[in-house]
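Following: one structure in structure tokens, then a few remarks.
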There are 2 protein chains.
Amino acid sequence: MTLDARKEHILLAIIQDYITTAEPVGSRTIARKYKLGVSPATIRNEMADLEEMGYIEQPHTSAGRIPSDRGYRYYVDNLMKRQELSKEEEKLVLDSYLTKVQDVGQVLRRTGQLLSRITNYTAVVFTAHYGKTKFKHINLVYMSSGQCMVVVVTDAGSVHYRIIDIPESIGPADLETISAVLNRKLQGQSMENIKLTLIKEIYFELAKQKHILNMAMDLIRDSLAVETEEKIYLGGVFNILNQPEFHNVEKVKTLLSLLEQEQELANIMVDVFQVEGVTARIGEEITNERMKDCSVVMAGYRAGGKPLGGIGLIGPTRMDYARAFAVVEYMTKNLSLVMERLLCGRNR
Amino acid sequence: MTLDARKEHILLAIIQDYITTAEPVGSRTIARKYKLGVSPATIRNEMADLEEMGYIEQPHTSAGRIPSDRGYRYYVDNLMKRQELSKEEEKLVLDSYLTKVQDVGQVLRRTGQLLSRITNYTAVVFTAHYGKTKFKHINLVYMSSGQCMVVVVTDAGSVHYRIIDIPESIGPADLETISAVLNRKLQGQSMENIKLTLIKEIYFELAKQKHILNMAMDLIRDSLAVETEEKIYLGGVFNILNQPEFHNVEKVKTLLSLLEQEQELANIMVDVFQVEGVTARIGEEITNERMKDCSVVMAGYRAGGKPLGGIGLIGPTRMDYARAFAVVEYMTKNLSLVMERLLCGRNR
DNA sequence: TGTTAGCACTCTCATGCATTGAGTGCTAAC
DNA sequence: GTTAGCACTCAATGCATGAGAGTGCTAACA
């Protein structure tokens, strides 16, 4: 299962060359560019072996070789050299997170943008919302006669709001009363715990404002429900257009149509984000026909020991794995810190 | 400047045919498909005239004719038949707005999605935030020891929030006090009015909580500032990939790179949204090199008589203007109603 | 004077064919 | 085990050719 040193060398050369040029690479090129101290003929023999073993393949007889999914896998597992980000890049990331303490959604969106800008690949950021979200706070804000805004805050750190019509007779003071009662009764409850008895209590206490109460409870229910769904943020979707393998519009369409479907994307990432460290899924390892020419490099981020979601980079199977690994690793580390700070209290 | 009936007929035939087939249309085709009662030769003569006048052009000698920007303009201004949406489509729109009263951002996002789904073009929704936004309400929500969430509501109906660190010594009651003071002092003020004297007053009253106050004021400032910016929502960006004129990746890239730049997009729409009714900008009429092969059909939406922004459809110059006009008109009408309801109090 | 048929002309596109060049696999010699 | 040499394969390129679509022009017709 493991290759001898020279074969490894040759495989490495093929992969590195193919990653940068996107052209099949022949024995001559390797002999010339990567000094192995042997002639093209020798390399040809080794390449024939590598092909037989399934690490490389030939698009057609008279072309050079290109790495197979299996070849990339071997590279990622055994040959790839650890890379670090440059100081400037690290600074870019840190700055982006430091500028202002943002809400969760904004942080994740920014993470996606940053990831794609640094790497020129397409970035996916995904939140899993592990476990149940709890109700934290509600606020009924009087806006004008006949209208108020309901604001609900959940303990996952997100805010939901909605504007509702109210009877003209209701004033700011009434709204405060309702807010107070709801906050007192529902504080810290998850969806499941908001049982009928509890609701009855509230309705009893606020019998007069049944209409408003309905609307407010609606929003609370929706807010807690939405939180348990996965959410996906994309960044730099158009970057894939720069990859030569996507110069044909049909391929672009297939991939984009997939990216539009959040659920499918979530499926691809969901089994990995709880694993420690950076993972790659290469070509057909991804159980999705439409991504068979792509790879994903991804890792989970967490806060307070709890996995929260994952970030990933999507590129052609020919992508620069070493760099992708470095970036994803650095970003998850920092994202985890930021999330920790946002959700679980200060960190420094 | 105006054409005789037969020339109009021929121009109309060319445009209609080209819109559906995307192929240059020749004299024979017109004679066969659109019964004008004259021979191809006659049509050829007329076409030569139309070409001289600049309404149509020839990609190359032995091809048929295609409409020029000027031709489309004539069509839109003089020949286009008013269209209506089908009952199902109208229902789709209404349902989408009725399902739930949402916040402004959500409504606009949904509008974009809907527009693109109905038409298969790319949709742009743009908010101008005319005039000054005023502060409406602030709320400091205690989250955990050392952390609270600041929620700011503006009178434009949007909510901004941020999580901040606070001294451990601060409890929920302190936060309520601060909220109360801020609400009392700042209610209904626009950014300009929040002058130094006012701020001094507040700081005097809440001298102890200087740190929190700083953070809260920061958010208020940001919220009011953001509101005055334009915002752009896109829908169905990938729809352009279905247009045959975008089967070449370079063109897609140029257009997408433009769509990514909100500012440029805003410039294209900004001079139109205050005008009554639906407007088209065809090809080179758009003062942007990168959109010379595209057209935009757009109209403004408003609430309480105030123009708020615009919605538009982007397609190739060969787009189906009649349909685009119908959809944009219907959507603006409905969007205006919804916005009216959201921002200015109930409408029905 | 406007309309039409006929015809030569132009240009694109698809097809076929020969050429070139990159790259291989095999064999025999080192 | 390594290498040089050579025949072979195949994609890509360039070129010629023919078909097809469409035009513009001319001359005849109503």
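Naming convention: chains lettered A, B, ... in sequence-line order (proteins, then strands); numbering from 1 in each chain. Note: hydrogens, waters and symmetry copies are ignored here, and every other heavy atom, side chains too, is used.
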task = Count the heavy atoms belonging to other residues, nucleotides or ligands that lie under 6.0 Å from CZ of A/Arg32, then report whether that count exceeds 12.
result =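 Yes, CZ of A/Arg32 has more than 12 neighbouring heavy atoms, counting only those of other groups under 6.0 Å.
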query = Counting only heavy atoms not in A/Arg73, do more than 12 fall under 6.0 Å of its CZ?
reply =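 Correct, the count exceeds 12.
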message = Do A/Glu46 and A/Glu51 have side chains that approach each other closer than 4.5 Å (heavy atoms only, starting at C-beta)?
response =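 Not touching, per the 4.5 Å side-chain cut-off.
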query = B/Pro59 or B/Pro40: which one's nearest nucleotide on DNA chain C is closer to the 5' end?
reply =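 Closest to the 5' end, via its nearest nucleotide, is B/Pro40.
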inquiry  = By nearest heavy atom, map B/Val38 and B/His60 onto DNA chain C; which one lands nearer the 5' end?
reply    =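 Closer to the 5' end of DNA chain C: B/Val38.
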For nucleotides 16-22 of chain D, print each protein N/O atom paired with a nucleotide N/O atom at under 3.5 Å, atom names and distance only.
from: D/dG22; atom 1: O4'; to: B/Ser62; atom 2: O; distance (Å): 3.2

inquiry  = Does the structure show a Watson-Crick or G-U wobble partner for C/dT10, both distances under 3.5 Å? Name it, or say none.
reply    =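 The answer is D/dA21, by the H-bond criterion.
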query = C/dA29 pairs with which nucleotide, Watson-Crick or G-U wobble, both distances below 3.5 Å?
reply =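 Base-paired to D/dT2.
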key: Pair A/Glu264, A/Asn288: side-chain N/O donor-acceptor within cut-off below 3.5 Å   =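 Present: a donor and an acceptor within the cut-off.
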query = Looking just at side-chain N and O atoms, do B/Tyr330 and B/Glu89 make a donor-acceptor pair shorter than 3.5 Å?
reply =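 Absent: no donor and acceptor within the cut-off.
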ask   = Given A/Thr119 and A/Arg323, is the side-chain hydrogen bond (donor to acceptor under 3.5 Å, both in side chains) satisfied, shown in steps?
value = CA-CA 8 Å; A/Thr119 60; A/Arg323 179 156 173 75; over 6 Å; no
message = By nearest heavy atom, map B/Glu51 and A/Ser39 onto DNA chain D; which one lands nearer the 5' end?
response =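 The residue whose closest nucleotide sits nearer the 5' end is A/Ser39.
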request  = Can you label the angle between the A/Tyr321 ring and the A/Tyr72 ring as parallel, tilted or perpendicular, going by 30° and 60°?
outcome  =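 Geometry flag for A/Tyr72 against A/Tyr321: tilted rings.
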ask   = Among B/Leu313, B/Asn120, B/Val296, which residue meets the side chain to side chain contact (heavy atoms under 4.5 Å, CB included) test with B/Met319?
value =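 Among the candidates, only B/Leu313 passes.
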query = Which nucleotide span of DNA chain C, 5' end to 3' end, has atoms closer than 4.0 Å to non-hydrogen atoms of chain A?
reply =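 From 5' to 3', the first and last contacting nucleotides are C/dA22 to C/dG25.
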